[in-house]
Q: 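What follows is a single structure, and I will ask about it in a moment.
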Number of protein chains: 2
Amino acid sequence: MPAAARPNTKPPAVSHEAAPRAAATPAKRRAGRPATAVLDQAVITSAALRLIGKSGYDGLTMAALARSLDVAPSALYNHVASKRDVLVLVEDHLAALVDVSAFGAEPWDEAVRRWAWSYRDVFSKHTPLIPVIAVLPVTDAPQTLAMYEAVSQGLREAGFPEERIISSIVALESFIFGSAFDVTAPADIFDPGSMAESTPSFTAAVRSLADQGHEKPADVAFGLGLEALISGLGALRR
Amino acid sequence: MPAAARPNTKPPAVSHEAAPRAAATPAKRRAGRPATAVLDQAVITSAALRLIGKSGYDGLTMAALARSLDVAPSALYNHVASKRDVLVLVEDHLAALVDVSAFGAEPWDEAVRRWAWSYRDVFSKHTPLIPVIAVLPVTDAPQTLAMYEAVSQGLREAGFPEERIISSIVALESFIFGSAFDVTAPADIFDPGSMAESTPSFTAAVRSLADQGHEKPADVAFGLGLEALISGLGALRR
DNA sequence: CTTAATAAATGAATGGCATTCATTTAGTGG
DNA sequence: CCACTAAATGAATGCCATTCATTTATTAAG
């Protein structure tokens, strides 16, 4: 190593290389740990959400995420172990947006209704998260766990027998997740096209639904199933 | 082109190059269209199913699929336009395995029950297909369409009002898809771990369920939700 | 019967992806 | 003061789906 002293305070304010340019391209960061940290999990989460909003889940790549944060891709791995971790961070952020405020303030069935619609609406824009959530231990997602606590408490106070509370939540949640996919389906998904003659019952039912209402089919089906679940589950309370 | 006559029947049975070796490595196919086609959609579908069975959906890559068929990856694209097409072929094959035989032979509620359990069981081993199915036009999946026809007819004969048949099927199917994910979740997914003190209602409910039954939690929740849906939907028949 | 068009294969790219690793620099605890 | 750890860069790695030029065989047209 050459004897030249390493400056122990700061390097000369102005290098002979480039004067601090106007904010356009704010001067590339050089290698090594920066004076103040650029990344943390919160910063990564909100950048991921912004990116998803702009480019969808196809656009959410580690490279794109890094670029949006003006950072090298490998830098992300100091704060998350994998891309799946990023998805978990996003999921837990969204769980906090689900409305559980009616539990304790409204009758249980109305509280479930509001929670379920809100839950579906939030995640219908984030269906790629559902395969992740569905197998995610609650320990790894504190906001999600908080949501479960609110719902559990609501059902207990409504007189649901203890041993049926989790099963009821799981049943409702399964319906909600499945319905979230449904929201994203194209409008003409059920058009039987050239196979119409060979499927008369189905074809007639599709026509009838189309003629009937102007409400969105996914909303009709969700409302129908949710009311069925609420009354069916409610019948089993003590 | 040299004047040597092209044989108009068969080429000489034995080339001077290589005698037909014992079946071990059955001699590499040379470039160009083979005398009899190696691939078609049925062959690709069953190879994909075999591969999924052995290596799961992570192992289902176009390269691995090609290798299992002893073919170059690019050859697959003469028969499918994309990997998504392969998934659609698999999906439609599985739809034919779903049991709709009880429609027309049993009371409608029992028929729905058998259909729903069968549907969930088939797709719980194939959850990566669910995001594909959920937005797949029925025209692209004839077996799936046939399943819908059977269910539609069953519900019509049971007295379901025409305009509510599709919505009822969609509601049931949403519940089934969501529940299929649930089957794949780890057993301890609800263990609140260190957060137990801050989530007393939830924690107690989890304990109670665990103490209670030895039936699989996913099955209990599915049975509970399905019965609720059946009775709720049945109440709306004419 | 010849010939053009089409179908089905190979093999060599291409560009994108998540992830890893060596290296550099800055803060921190003993 | 010094070792250790944290947080960044930049260069690789290996895998992936897909495309393209090319070769060979079959089929349809004239």
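Lettering of chains follows the sequences in order, A, B, ..., and the numbering in each one begins at 1. Because the structure is predicted, anything quoted here is derived from the model rather than measured.
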Q: Given atom CZ of B:R67 and atom C1' of D:dC16, what is their separation to the nearest angstrom?
A: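 Checked: the CZ to C1' distance equals 12 Å.
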
Q: Please walk me through it: do B:L49 and B:L94 pass side-chain contact (heavy atoms from CB on, under 4.5 Å)?
A: CA-CA 10 Å; B:L49 278 161; B:L94 294 175; 4.2 Å; yes

Q: Parallel, tilted or perpendicular: which describes the rings of B:Y119 and B:W115, with under 30° parallel and over 60° perpendicular?
A: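 It falls in the tilted class, 30° to 60°.
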
Q: Rounded to whole angstroms, how far apart are CZ on A:R33 and C1' on C:dA26?
A: 5 Å

Q: Is any N or O donor-acceptor pair between the side chain of B:N78 and the base of C:dA9 shorter than 3.5 Å?
A: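 Pair found.
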
Q: List in numerical order all residues of residues 83-91 of chain A for which some heavy atom is under 4.0 Å away from an atom belonging to DNA chain D.
A: none

Q: Would you find a donor on one side and an acceptor on the other, under 3.5 Å apart, between the side chain of B:S152 and the backbone of B:I166?
A: no

Q: With B:S82, which residues qualify under side-chain hydrogen bond (donor to acceptor under 3.5 Å, both in side chains), at least two apart?
A: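 side-chain hydrogen bond (donor to acceptor under 3.5 Å, both in side chains) check on B:S82 returns nothing, list empty.
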
Q: Taking for each residue the nucleotide of DNA chain D with the nearest heavy atom, is it A:P34 or B:Y77 whose nucleotide lies nearer the 5' end?
A: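 Nearest-nucleotide comparison on DNA chain D picks A:P34.
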
Q: To the nearest Å, give me how far apart CG (A:L76) and P (C:dC17) are.
A: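 Checked: the CG to P distance equals 14 Å.
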
Q: Taking the six-membered ring for Trp and the full ring for Phe, Tyr or His, determine whether the centres of A:F181 and A:F177 are under 6.0 Å apart.
A: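 Not close enough - the centres of the two rings lie 6.0 Å or further apart.
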
Q: Find every protein N or O atom lying less than 3.5 Å from an N or O atom of nucleotides 10-13 of chain D, and list the pairs.
A:
{"unit_1": "D:dG10", "atom_1": "OP1", "unit_2": "A:K28", "atom_2": "NZ", "d": "3.1"}
{"unit_1": "D:dG10", "atom_1": "N7", "unit_2": "A:S74", "atom_2": "OG", "d": "3.4"}
{"unit_1": "D:dG10", "atom_1": "O6", "unit_2": "A:S74", "atom_2": "OG", "d": "2.5"}

Q: Give me the atom names and distance for the closest heavy-atom approach of A:L129 to A:L87.
A: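 For A:L129 and A:L87, the tightest heavy-atom pair comes out as CD2-O, 3.7 Å.
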
Q: Given axes from five pairs at either end, by how many degrees does the helix from C:dC1-D:dG30 to C:dG30-D:dC1 bend, rounded to 10°?
A: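 Helix axis angle between the two ends: 10°.
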
Q: For C:dA7 and B:H79 - does any side-chain N or O of the residue sit under 4.0 Å from the phosphate oxygens OP1/OP2?
A: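 Indeed not, no polar side-chain atom of B:H79 lies that close.
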
Q: Could you grab the distance from atom OG of B:S101 to atom CZ of B:R114, nearest 0.5 Å is fine?
A: 6.5 Å

Q: So if I take residues 45-64 of chain A and measure heavy-atom distances to DNA chain D, which residues fall below 4.0 Å?
A: none

Q: Which value, rounded to the nearest 0.5 Å, describes the distance between A:L39 atom CG and A:H79 atom NE2?
A: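 It comes to 4.5 Å.
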
Q: What is the separation between atom CG on A:L69 and atom P on D:dA8, rounded to the nearest whole Å?
A: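 Those two atoms, CG and P, are 10 Å apart.
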
Q: Any side-chain donor-acceptor pair under 3.5 Å between B:T144 and B:D92?
A: yes

Q: If you define the side chain from C-beta out and look only at heavy atoms, does anything of A:R29 sit under 4.5 Å from A:V71?
A: yes

Q: Is the B:F190 ring parallel, tilted or perpendicular to the A:Y148 ring (thresholds 30°, 60°)?
A: perpendicular

Q: According to side-chain hydrogen bond (donor to acceptor under 3.5 Å, both in side chains), who are the partners of B:D219, at least two apart in sequence or on a separate chain?
A: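 In terms of side-chain hydrogen bond (donor to acceptor under 3.5 Å, both in side chains), with neighbours along the sequence ignored, B:D219 is linked to B:R120.
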
Q: Please confirm whether the backbone N or O of B:A180 pairs with a side-chain atom of B:T184, one donor and one acceptor, at under 3.5 Å?
A: no

